[in-house]
Amino acid sequence: MPELPEVETIARTLRLGTNGQPGLPGRTVSQSHVYWTRTLAVPQPDVFISQIQGLTFKSVSRRGKFLVFEIPPYHLLTHLRMSGDLKIVPEAEPAGSHDRVTLDLDNATRLVFNDTRKFGRMWLTPEPEKVLHTLGPDALDPELEPAGFFSMLQSKKRMLKPLLMDQSFLAGLGNIYTDEALFLARLHPAARADSLTFEQASRLLNAIHSVLVEGINHNGASIDWVYRGGSFQNHFNVYRQTGKKCSHCGAVIARTVIGQRSTHYCPACQAYQEKEEV
DNA sequence: CACGAGACCTGTTCGC
DNA sequence: TGCGAACAGGTCTCGT
């Protein structure tokens, strides 16, 4: 469940804690376990285990789809990829079958990185920017305004869908929220970025913001067996709505493949135009 | 620079 | 019922 709203929901939960349990800031790592070696991008498991022992979490934040933990003198970075989940459980709870890395904390709880498909990664590093510097502006960065976004789009000839999912262009959007944002903006996913008018670019930025904020307000989306209590899946207009009627015009929602990813859209509301300009 | 194919992984659902 | 194919919220690397 790894797009910006889901990662933000996890960041908030870990920062503030849940039902009585305190959050991560202030907690010290007593012991750690690495069950799947490749989950650690860096360093090697034995080094990781010895370096993180005794360190205290200072803060929890998010950059794009990365969770960022200050744990002086290092930063712990986590990317959930397709199936990762990060949660605090009672220390007495037995290890789950897909737990990849666990950190025992000083209050009888445990931070667990559970990841069925093993695509997720963690970095323990003194130089987090070396990992994060390739990211474009955060999709919810308040400094990102229509004029700037328009010129970003003007400089690219790619199709909107793969471009918006490119984390070096804009950080945070994935398959769900890209499809939903393009629907709200009434833009075809295959339209070329440099063909948009200023008005269309502005509409797209608004759509991205509103879709992400809606997602966060619903604690993200929960689909299939990956469930975290989010409910935004009940408010999808196009994602996985193939064959259903468009909530806006009644046309049938279509599915196609763009950039090797499933893409859902309303053929009527999001009609393709060779030139988006008038 | 833009794009497609293949890797990396496990689990669920679909089609015959 | 059974079994293989298709598909899943992401990204990386390589070839054209």
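Side chains are part of it too, since the values below use all heavy atoms of this structure and drop only hydrogens, waters and symmetry mates. Quick note on labels: first sequence line is chain A, next is B, and so on, each numbered from 1. No experiment lies behind these values; they were computed from the predicted model shown.
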Nearest whole angstrom, please: distance from the [atom2] of [N] to the [atom1] of [X].
{"X": "A:Phe236", "N": "C:dG9", "atom1": "CZ", "atom2": "P", "answer": "10 Å"}
{"X": "A:Gln260", "N": "B:dA5", "atom1": "CD", "atom2": "C1'", "answer": "6 Å"}
{"X": "A:Leu80", "N": "B:dC9", "atom1": "CG", "atom2": "C1'", "answer": "15 Å"}

If only side-chain N and O atoms of [X] are considered, is one of them under 4.0 Å from the OP1 or OP2 phosphate oxygen of [N]?
{"X": "A:Arg81", "N": "C:dC12", "result": "yes"}
{"X": "A:Arg158", "N": "B:dC3", "result": "yes"}
{"X": "A:Arg261", "N": "C:dT11", "result": "no"}
{"X": "A:Lys118", "N": "B:dT10", "result": "yes"}
{"X": "A:Gln167", "N": "C:dT11", "result": "yes"}
{"X": "A:His98", "N": "B:dG11", "result": "yes"}
{"X": "A:Ser83", "N": "C:dG10", "result": "no"}
{"X": "A:Arg117", "N": "B:dT12", "result": "no"}
{"X": "A:Lys65", "N": "C:dG9", "result": "no"}

I'd like the [atom1] distance from [M] over to [N], given in whole Å.
{"N": "B:dG6", "M": "C:dA6", "atom1": "P", "value": "13 Å"}
{"N": "B:dT13", "M": "C:dG9", "atom1": "P", "value": "15 Å"}
{"N": "B:dC9", "M": "C:dC3", "atom1": "P", "value": "26 Å"}
{"N": "B:dA5", "M": "C:dC7", "atom1": "P", "value": "13 Å"}
{"N": "C:dG10", "M": "B:dC1", "atom1": "C1'", "value": "22 Å"}

- Message: Would A:Phe57 and A:Leu14 count as a side-chain contact (heavy atoms from CB on, under 4.5 Å) here? Give the steps.
- Response: CA-CA 11 Å; A:Phe57 283 98; A:Leu14 294 179; over 6 Å; no
- Task: Write down the atom of A:Gly84, the atom of A:Phe113, and the distance for their closest heavy-atom approach.
- Result: CA-CE1, 4.0 Å
- For A:Lys156 against A:Ala193, the heavy-atom pair lying closest together: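 Smallest heavy-atom distance, with atoms named: O-CB, 3.4 Å.
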- Message: What's A:Arg100 touching, base or sugar-phosphate or nothing? Going by heavy atoms closer than 4.0 Å.
- Response: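 Since no nucleic acid heavy atom lies under 4.0 Å of A:Arg100, the category is nothing.
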- So what does A:Tyr239 hit on the nucleic acid, given a heavy-atom distance under 4.0 Å: a base, only sugar-phosphate, or nothing? sugar-phosphate
- So is A:Arg186 actually on top of A:Phe183's ring, under 6.0 Å and inside 45° of the axis?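 The answer is yes; both the distance and angle limits are met.
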- Query: Is the ring centre of A:Phe119 under 5.5 Å from the base ring centre of C:dT11, and are the two planes under 30° apart, so that they stack?
  - Reply: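 Not stacked: fails the 5.5 Å / 30° test.
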- From the candidates B:dC8, C:dG9, C:dC7, the one with an atom nearest any side-chain atom of A:Arg255 is C:dC7
- Query: Just wondering, do A:Pro146 and A:Phe198 contact through their side chains at under 4.5 Å, heavy atoms?
  - Reply: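 Contact flag for A:Phe198/A:Pro146 side chains = yes.
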